[in-house]
Amino acid sequence: VSVSSLPRSMDQWLNARSSWTATRGNPRDTGGISWKADEAGLSQFFASQYGPVVECKIIMDRDTGKSKGYGFVTFQDEEAAEKVKEAHTIFYMGKTHHTRI
């Protein structure tokens, strides 16, 4: 993915996500991600708590290269994705993550 193709706002990202969902599984939006978090660690956390993760993406600011504090985690199956949906609030790296969709 090129930096220029990444959405600038949460609305743009959510719109892009809906077309992405149709082809890629069971993503869950998560907000409140620590700026210190990385995709590998976040993926391992969700996999250990909820089930197999296919992909984890933290949205980065294209100008600064720093995390915008939100992203998505795609689970291998609907059961794991539903567990996250039911949890609503998840604690990781000292921050509260708010999951949606």
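The structure displayed is predicted, hence computed values, not measured ones.
Residue Q49 places its CD atom among more than 12 non-hydrogen atoms of other residues, nucleotides or ligands, all under 6.0 Å distant.
At least one side-chain heavy atom of D77 sits less than 4.5 Å from a side-chain heavy atom of P52. Taking 4.5 Å as the limit, some side-chain heavy atom of F46 sits within range of a side-chain heavy atom of V84.
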Start with the C-alpha distance between F72 and T30, add both sets of side-chain angles, then the distance that settles side chain to side chain contact (heavy atoms under 4.5 Å, CB included), and finish with yes or no.
CA-CA 6 Å; F72 61 88; T30 183; 5.9 Å; no

Side chain to side chain contact (heavy atoms under 4.5 Å, CB included) between I33 and K95: does it pass, once the steps are laid out?
CA-CA 7 Å; I33 298 172; K95 296 226 17 175; over 6 Å; no

Show, in sequence, the C-alpha distance, side-chain angles and deciding distance for V54 and F75, and conclude whether the side chain to side chain contact (heavy atoms under 4.5 Å, CB included) test is met.
CA-CA 5 Å; V54 175; F75 293 92; over 6 Å; no

Report the C-alpha distance between D38 and Q44 in whole Å, list the side-chain angles of each, state the deciding distance to 0.1 Å, and finish with yes or no for side chain to side chain contact (heavy atoms under 4.5 Å, CB included).
CA-CA 10 Å; D38 62 25; Q44 288 175 344; over 6 Å; no

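Looking at Y92, its side chain never comes within 3.5 Å of a backbone N or O of G32 through a donor-acceptor pair. Listed for the E39 side chain is a donor-acceptor partner under 3.5 Å among the backbone atoms of I58.
In terms of heavy atoms, C56 sits closest to V73 at SG-CG2, 4.1 Å. Looking at every heavy atom in both residues, V53 comes nearest to S43 through CG1-OG, 3.4 Å.
There is a path of hydrophobic side-chain contacts, each under 4.5 Å, that joins Y50 to M93.
Separation of atoms CG (D61) and NZ (K66) is listed at 9.5 Å; rounding is to 0.5 Å.
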